[in-house]
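Only a predicted model underlies this, so the values are computations on that prediction, with no experimental measurement involved.
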Amino acid sequence: MTVAAEQIRTWLAGHALPLWSHAGLDTEQGGFTEALTLDGKPLFDRDKRLRVQARQVYVYSHAHLLGWTPPAGSPSALDAAAHGFRFMTENHWHEPGGGFVFSVRRDGAPADARIEAYEQAFVLFACAWYHRASGDPKALAWADRTMAFLDSALADPAHGGYFENPGRGLPRRQNPHMHLLEALLAMHAATGAPDWLARADTIVELFRTRFFDSATGTLGEFFGPDWSAAPGTEGRIVEPGHHFEWCWLLYQYGRARGIDISDLAGALYRFAEDRGTDHDAGPAAGLGFDAVLRGGDIHDSDKRLWVQTEAIKAQLACIEAAGSAGDPDASARLAALLERLFTLYLAVGHGNWQDHLDRGGRGFAESAPASSFYHLFLALTEVLRVRDGIETLA
């Protein structure tokens with residue numbers, strides 16, 4: 001099965017975007033719903049996480065920029081993004097201390113008042129894309145406010161980067177910094193302001209000096225207070241999906257800076273392909289594992305949807321970096337990953353997805369989390385842009 005551009009556009013524009021701006025939009029009490037049943041019904045009994053609101057603001061802001069036209073009677077992409085942006089900024093911001101809280105109840109009342117660096121990074125990302133789509137100056141004001149909170153409440157001047165939360169909980173993680181890099185690059189793309197790219201420089205330097213182990217070509221996940229590896233098994237866990245995601249981001253950063261960063265991106269890519277991917281025969285062959293250990297032993301053989309979307313983005317980054325010379329291996333891997341994405345994860349229909357497979361390719365998630373749409377939308381629009389030269393959903 002070859003997944004053609006028209007199949008991707010039909011799934012995105014004809015199925016997924018209408019579903020998640022209809023069943024996935026809580027028009028009664030505000031914001032986006034946390035999840036849908038596999039047949040596309042909203043699940044209103046779950047608290048609304050900040051990351052979901054921010055990611056869906058991104059999706060519909062990007063869809064607006066790509067010219068998506070919704071079905072008659074449905075909200076426009078920009079209206080959906082604005083709806084989520086208002087709910088996020090009106091309900092998740094914590095007063096008087098500042099920072100966005102982890103989750104609220106359906107009606108916007110506080111639920112989980114944790115303030116995490118990971119969540120703040122996604123607010124920045126949403127602000128960047130919403131500003132690009134709408135030109136609303138409030139998006140830039142909220143981005144500045146969020147960055148100021150990160151700097152004042154979570155920055156670590158001694159060891160670099162940001163603490164997980166104001167309580168400086170352990171273990172420290174690379175993951176919030178990866179998404180902060182993504183957000184900083186998005187803010188630079190949205191504004192052209194050099195300060196955002198300068199901030200991205202510091203995250204990439206932290207990657208070089210703290211997160212990345214050049215001896216094994218691996219990216220650590222969990223760390224102690226000084227960025228040394230966390231003790232025991234925790235310090236040996238690496239996630240193939242994050243290797244792929246950093247690979248894509250490093251190539252994005254390299255283009256923004258006009259530098260060659262293929263040594264680092266290539267090392268991450270090779271480890272994830274060689275040691276983090278299932279090479280056994282079977283319907284789920286070629287998919288990335290949820291987690292392995294630095295030596296390559298499998299730690300968690302299940303296969304989350306987002307891991308595969310990040311593998312798709314990494315193939316595209318390699319193809320784009322190769323230019324006119326092309327990358328036949330990455331192109332072949334891209335074709336195989338797209339085939340498995342559509343036949344294993346998106347086959348539930350309705351513009352929906354199965355979020356988690358076991359090693360044999362059997363789905364076991366009982367609902368579709370809204371948080372995965374960001375991964376899918378970005379990966380599939382990158383396929384259209386890089387492979388097919390298409391930058392519209394009109």
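- Taking a 6.0 Å sphere around CD of Glu90, one finds it holds more than 12 heavy atoms contributed by other residues, nucleotides or ligands.
- Looking only at distances, no side-chain donor or acceptor of His94 sits under 3.5 Å from a matching main-chain atom of Arg114.
- Using a 4.5 Å heavy-atom cutoff, the side chains of His15 and Thr10 are in contact.
- A distance of 6.0 Å or more separates the ring centres of Trp306 and Tyr374.
- Atom CD of Glu6 sits in a crowded spot, with more than 12 heavy atoms from other residues, nucleotides or ligands closer than 6.0 Å.
- With hydrogens and angles left out, the side-chain atoms of Tyr118 and Glu164 include no donor and acceptor closer than 3.5 Å.
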- Task: Give the intermediate values and the outcome of side-chain hydrogen bond (donor to acceptor under 3.5 Å, both in side chains) for residues Gln315 and Glu273.
- Result: CA-CA 10 Å; Gln315 312 308 324; Glu273 283 290 318; 2.9 Å; yes
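- Here the options are Arg172, Gln174, Arg236, Arg173, the test is side chain to side chain donor-acceptor pair (under 3.5 Å), and the partner is Glu221; only Gln174 passes.
- Looking at Ser103, its side chain does come within 3.5 Å of a backbone N or O of Asp112 through a donor-acceptor pair.
- By the 30° and 60° cut-offs, the orientation of the rings of Trp11 relative to Phe373 is perpendicular.
- Here the shortest heavy-atom pairing between Ala200 and Leu181 reads CB-CD1, 3.7 Å.
- In summary, the aromatic rings of Phe211 and Phe223 are positioned with their centroids under 6.0 Å apart.
- A heavy-atom distance below 4.5 Å is not found between the side chains of Val104 and Asp47.
- Considering only heavy atoms from C-beta on, Val238 stays 4.5 Å or farther from Phe222 through its side chain.
- Counting only heavy atoms from C-beta outward, the side chains of Leu268 and His242 never approach each other to under 4.5 Å.
- Taking CZ of Arg275 as the start and CD1 of Ile298 as the end, the distance is 10.0 Å to the nearest 0.5 Å.
- Of the candidates Arg49, Arg51, Arg55, Glu119 forms a salt bridge (charged side-chain N to carboxylate O under 4.0 Å, His left out) with just one, namely Arg51.
- A salt bridge does not link Arg168 with Asp156: none of the charged nitrogens is closer than 4.0 Å to a carboxylate oxygen.
- Note that CZ of Phe289 and NE2 of His299 are 13.0 Å apart. Values are rounded to the nearest 0.5 Å.
- Considering CG of Leu150 and CG of Leu180, their distance stands at 6.5 Å, rounded to 0.5 Å.
- Between Trp20 and Leu36 the shortest side-chain heavy-atom distance falls below 4.5 Å.
- Outside the 6.0 Å centre-distance limit, the rings of Phe125 and His179 are not counted as a close aromatic pair.
- Checked by atom type and distance alone, the side chain of Asn352 pairs as donor or acceptor with a backbone atom of Thr37 at under 3.5 Å.
- Counting heavy atoms from C-beta on, the side chains of Pro70 and Leu17 never come closer than 4.5 Å.
- Looking at every heavy atom in both residues, Met187 comes nearest to Ala143 through CE-CB, 3.7 Å.
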- CA sep, side-chain torsions, deciding dist, call: Ile312, Phe244, side-chain contact (heavy atoms from CB on, under 4.5 Å): CA-CA 8 Å; Ile312 286 169; Phe244 286 128; over 6 Å; no
- Tell me, with the steps shown, if Leu393 and Leu384 meet side-chain contact (heavy atoms from CB on, under 4.5 Å). CA-CA 10 Å; Leu393 290 175; Leu384 294 175; 4.1 Å; yes
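- In this structure, Phe100 has its ring center no closer than 6.0 Å to that of His92.
- Using bins of under 30°, 30° to 60° and over 60° for the plane-to-plane angle, the ring pair Tyr58/Phe377 lands in the perpendicular bin.
- Shown here for Gln354 and His356, the closest heavy-atom pair between the two residues is OE1-O, 2.9 Å.
- Results of the salt bridge (charged side-chain N to carboxylate O under 4.0 Å, His left out) test with Asp26 over Arg46, Arg105, Arg106 single out Arg106 as the only residue that passes.
- Of all heavy-atom pairs between Leu185 and Ala256, the closest is CD2-CB, 4.4 Å.
- Between Arg362 and Asp358 there is a salt bridge, with a side-chain nitrogen of the basic residue lying less than 4.0 Å from a carboxylate oxygen of the acidic one.
- At least one donor-acceptor pair under 3.5 Å links the side chain of Thr343 to the backbone N or O of Glu339.
- Checked against a 6.0 Å centroid threshold, the rings of His159 and Trp227 do not count as neighbours.
- In summary, Asp151 and Arg199 engage in a salt bridge, as defined by a charged side-chain N under 4.0 Å from a carboxylate O.
- In this structure, the side chains of Val204 and Ile261 come closer than 4.5 Å at one or more pairs of heavy atoms.
- Between Ala330 and Ile319, the closest heavy-atom pair is CB-CG1, 3.8 Å.
- Counting heavy atoms from C-beta outward, Val383 and Leu334 have side chains that approach closer than 4.5 Å.
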